[in-house]
Amino acid sequence: EKPQAQQAFRSEPRNLTVRMGATAVLRCEVLRASGTVQWVKDGLLLGLQRSLPGFPRYSMIGNPKRGQYHLQIQKAQLEDDAPYECQAGQSESSQAIISSTAWVNVLIPPSKPYFEVDMATPWVAGKEYTITCIVPDAKPVALITLYKGDFNTLYGSVKAVCYPSHFFYFCVTSQRVTAVSSDNGRQLACHANNHALFRPVETTMTMSVYFPPQPPVIVGLEREEVKAGKMLVLECVSHGGNPLASLQWTKDGEVLSTVWEENVVVQTTRSILNLKITPADNQAVLCCESVNLVSPSPLSVSRKITVLFEPAEVMLLGSLTAIEGQELNLSCYATSSNPPVQIRWWLGYKELNASVGDNGGMTTMSNMTHRVSRDENGLKLTCEAFNKGTHFSKTQITELNVYYPPQKVWLDTPPQDVPLRSGTTVRLICFSTGGNPHGTLTWFKVSGALKQTSFDLGVARELVLVLTASDNMATYRCDARNEAKKTISAHAKLIVHFTAVSMKITTKQEELRRGQMLTLECQSGSSNPKANISWSLGSLRFGKAQPPRKAQFSGVSVNSFLSLNLTSQHHNQRVTCQAKSPALEEGANTFFKLNVLYPPEFSTQQPTQVQVVEDDMATIPLLVSANPEEVSCIWLHRREKLVKEGDLRYHWLDDNSLEIKNVTRKDAGLYTVQCTNDEGFDQTSIMLDVQYAPSVKAEKDPVFVNLGETADLICVADANPIIPDMFSWKFLVSAQETQEDESGLLTIYDVTRAHAGLYQCTANNGIAPLATVDVRLVVQFKPELQKGAQWRKVASRGDGTSTAEVVCQAEGIPRVDFSWEKNGVRMDFANPRYEERTVREGSYHTSTVRVVNVSAVLDYAVFSCTARNSLGEDNLDIQLVSTNSPDPPSSFRQVDATHDSVTLEWIPGFNGGLQQRFRIRYLWDQVASFLYMDVFPPGAATFSVTGLQPVTTYNFSVNALNAMGESGYADNNAVLTITTKGQFGVTPRLSWHPPILFPLC
């Protein structure tokens, strides 16, 4: 044996610095390692396995045979920045040892720096700004450098101020800079670096600096003298500036244009001015101004222009129209020109003397006085402006107009002694001759105002009149007059028949009330001839007139009185008064609207009952009238006043009708409404009928009935309304349905076991939702035992080592009880070799007798099972026999046949106490011996024989097999003859033959 020795460190871990994401290895090598070696991180044991489960980036590497347990940390993270120790545990031969503590220092590269600088609005050249660059999350502290332009210009390398934050440093540096125009559009960069990076991280931003533009220049004006009418195209150009300058043109301080275009590429702004020169532009000063957001004041350039022009117009001033014998005072004026002009006058072909007016400055004026005569009417008067030096001449020619009065006037009118009906259109024509100009014809009504509806017909004027009462016996005058200011006239008078010019109904009673006697007076205005007065109220006609009296327009007026006994039905009706003259087809009328005050009255159409479905909104209408219409109504239900605060479901409409939201059956009943106004009180009652969907329940569930008796299933509904045929039942049986008020009855006669089950009663009164309830019908019958072949035998070895179960199963309601006999003697289940157990599932009851250590001598016997309940009993003998070959199947039959297959079915016989299987035997005329096919799965009682030939007759048989042998063939060795179908859907004509029985050999 080797001598025991103390374990020791050959190499211990040392402090280590690593960049984040790199791999760090802490060395640990132990001499004579006999204890377990593991690493401790910040007091936490990392584990004994070299793969260090739970720390996916940690593992121990190196050759363990040499005692190497180096700790490898992959993809170093900030969480790895901690103290580490390598420990070798105590062993039988050595004490535990712990290495010196080694720190792993993880270097974190700085995050992307960002600026804190106000660049929401551009800088202005010449102003000072503060740039702050912030570098978060660095370890160790970051070095921050600012650059501008192409990064060759150092903006500043100011020492950053750093603040510790958990494991990181947060570094900030600031620099004060003065903005210059050359900085516009240049990049400002912030670089951040520390020992964790090979190249610095950076962030950039583009500087935007505003600065003023250069002074503008005007291009396109070579000379200051310009002819009027010329189109000047001038261009104003401004260079530089950020933003580019805005330009505007002014003329003598008035803005002409504020439109310009910018060329960002060459940094210029241009504005084109298209100015058509007019004489008014003479000595005008054109100015172009440029300015941007940071200009201290606008920069401008100005040019003065001199315009050469002729007079734009020669004008004759003064009136060229005069009454014969008057003097004309005229002036001829030539508008401004450069140079000025001279003026002379002509009347026809005769030059007139004139006095020279103002000829100094830029305009020329000449004055002339002349007395006119009738013979000079229509002669041409000419004013000529000329300049001998420039050969300029321009004239203004007009015609002299001399006024003199008309000579004669006469009328064309209807006969003045024939009456005309009011509303008739008549034409009065006035004619005149002579005068310059022709006389102006004007119609006047002597007793009234000037008529305006007249038509000028040259030397005639037609007055169209639609006759009214005021035209009766009125005098019309036609005046002929022109600018010579002398008038001559003609006159006419008409007789007009007209209806009453006014109708008025008055009463002395200020307020009208139900039951009062009202007296109305109808006053008919002037009419010609006298009018007759009549009254009407609805279809009634009545009234009596008073004697007539003289009235305006040379007519007469009539009065009449009417008395009424007022009722509420008169309110808002119109009483009409009509005045009609027998000589005229039409008449005049007016009406008096009755405002009858009466207390509230309920309409004959007021409903006495309102129906509503539960949970809907019930609206109880209120058809009440009253005057005044301000009616106050209160509602009572079950003698209690309804208020909105008492139940938020109540809502009163503007007409005092009542709305009840989410109405319930409790809201049903008689509602009384009492209405009051200033005239009195009235009340009425309305019945609210709340209809609701049915709810239904079974009167008895479940319902028990004996087989063959009559079953009554009853469900009871709570519903409104109760309607005929409200109930319906669901179950697949025939039964008689009846209804008695709120109860539904389903009667089933001669009940059979098929009637048992769940019945559904549905109540439907036309209001959703339907209501349903389930009623279970339980049919009671005496026990019926299962008696097939498999139930009559039980097999077991009789060697005293096996156990047999004799099973008896009965169906019956109510509860079925079992009793057993063996060979006619009642069985004693106190014997430990016999044990009975009964299981009940619904109507099925199963009794099992377990025989332990079956003896051929004692137990091969007939066990008799008796099942009984209150309605009767049933018996079955079950034979316990020795295990043997199975019994033959029975009821062998065909299920289906195709062109190449046949499907067969049978009932298995007793299996002999062992698991049995089945075999099909078949034969057809083209084979010499039987073919056999085992049925799969083994216990199946249905099987398809495939691979057969179309239109071929086969003989089939089936038997059973178990471990002890096989049975005979089914149905006493019967043979089933089947012919397959034809292929492609062709079915042969086949005849059926009964099975042929083959004797067993």
Side-chain angles (χ1 to χ4, degrees), residues 414-428 445-449 451 453 463-476 492-513 516-597:
Q416 298 186 27
D417 57 349
V418 177
L420 301 174
R421 181 173 295 182
S422 175
T424 302
T425 300
V426 298
R427 302 177 186 275
L428 309 181
K445 189 175 182 181
V446 174
S447 61
K451 289 290 184 178
T453 310
L463 175 63
V464 179
L465 293 175
V466 178
L467 297 177
T468 65
S470 64
D471 294 322
N472 184 41
M473 302 306 294
T475 300
Y476 284 88
K493 182 180 288 188
L494 302 176
I495 300 175
V496 180
H497 283 179
F498 57 92
T499 60
V501 296
S502 64
M503 299 291 293
K504 183 179 180 182
I505 298 176
T506 59
T507 181
K508 296 180 180 179
Q509 294 163 255
E510 295 182 357
E511 289 187 341
L512 308 182
R513 284 187 168 80
Q516 286 183 348
M517 182 64 70
L518 170 66
T519 300
L520 299 176
E521 180 182 5
C522 179
Q523 301 174 354
S524 166
S526 178
S527 65
N528 183 30
K530 170 184 169 293
N532 296 324
I533 291 183
S534 63
W535 294 85
S536 64
L537 174 60
S539 59
L540 300 178
R541 301 288 184 271
F542 39 79
K544 183 178 179 181
Q546 302 296 316
R549 60 182 182 276
K550 291 184 180 181
Q552 64 181 139
F553 308 134
S554 302
V556 295
S557 65
V558 183
N559 287 11
S560 179
F561 292 90
L562 172 67
S563 296
L564 286 175
N565 187 7
L566 296 177
T567 68
S568 62
Q569 302 301 317
H570 287 130
H571 179 58
N572 282 334
Q573 290 198 25
R574 294 183 176 186
V575 179
T576 302
C577 175
Q578 183 178 27
K580 187 173 182 181
S581 173
L584 298 173
E585 295 180 358
E586 68 275 7
N589 63 71
T590 187
F591 67 88
F592 182 87
K593 187 173 182 180
L594 298 175
N595 181 25
V596 181
L597 302 176

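Computed over heavy atoms, backbone and side chain alike; hydrogens, waters and symmetry mates excluded.
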For the pair Thr499 and Ser581, evaluate side chain to side chain contact (heavy atoms under 4.5 Å, CB included) and give the outcome as yes or no after the intermediate values. CA-CA 7 Å; Thr499 60; Ser581 173; 5.8 Å; no

Would Arg513 and Leu597 satisfy side chain to side chain contact (heavy atoms under 4.5 Å, CB included), going step by step from the backbone distance to the final call? CA-CA 5 Å; Arg513 284 187 168 80; Leu597 302 176; 3.9 Å; yes

After noting the C-alpha distance and the side-chain angles of Val575 and His570, does the key distance pass the side chain to side chain contact (heavy atoms under 4.5 Å, CB included) rule? CA-CA 9 Å; Val575 179; His570 287 130; over 6 Å; no

Which is it for Arg549 and Val556 under the side chain to side chain contact (heavy atoms under 4.5 Å, CB included) test, yes or no, and what are the steps along the way? CA-CA 5 Å; Arg549 60 182 182 276; Val556 295; over 6 Å; no

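Within the 4.5 Å cutoff, the side chain of Val558 has no heavy atoms near those of the Cys522 side chain. Inter-residue side-chain proximity for Met473 and Ile495 is flagged as met; some heavy-atom pair is nearer than 4.5 Å. Side-chain contact between Ser563 and Met517 is present, with heavy atoms from C-beta onward closer than 4.5 Å. Lys580 places none of its side-chain heavy atoms less than 4.5 Å from the side chain of Asn532. Contact annotation: the side chain of Ser524 approaches that of Met503 to within less than 4.5 Å [non-hydrogen atoms, C-beta and beyond]. Looking only at side-chain heavy atoms (C-beta outward), Thr567 and Val596 stay at 4.5 Å or farther from each other.
Atom NE2 of residue His497 and atom OG1 of residue Thr424 lie 11.0 Å apart, to the nearest 0.5 angstrom. Interatomic distance, Phe592 CZ to Leu537 CG, rounded to the nearest 0.5 Å: 12.0 Å. How far NZ of Lys593 is from OG1 of Thr576: 12.5 Å, rounded to the nearest 0.5 Å. Within the model, atoms CG of Leu518 and CG of Asn565 stand 10.0 Å from one another, a figure rounded to the nearest 0.5 Å. Once rounded to the nearest 0.5 Å, the distance linking CG of Leu562 with CD of Glu521 reads 11.5 Å. Here the straight-line distance linking atom CG of Leu594 with atom CG of Leu512 works out to 6.5 Å at 0.5 Å rounding.
Heavy-atom neighbours of Arg421 CZ from other residues, nucleotides or ligands within 6.0 Å: above the threshold of 12.
Closest of all the heavy-atom pairs between Ala469 and Phe553 is O-CB, 3.4 Å. Minimum interatomic distance between Gln516 and Gln509 (heavy atoms only, all atoms of both residues): OE1-NE2, 3.7 Å. Taking both residues in full, the closest heavy atoms of Gln523 and Asn559 are given as CA-OD1, 3.6 Å, listed atom of the first, atom of the second, then distance. Among all heavy-atom pairs drawn from Val496 and Asn472, the shortest one is N-OD1, 3.0 Å. The shortest non-hydrogen separation linking Phe591 to Ile505 is C-CD1, 3.9 Å. Heavy atoms only, all atoms of each residue included: Ser526 and Ser557 are closest at N-CB, 4.2 Å.
Side-chain atoms of Asn528 and Lys530 include no donor-acceptor pair closer than 3.5 Å.
Between the Gln578 side chain and the Ser534 main chain, no donor and acceptor come within less than 3.5 Å of each other.
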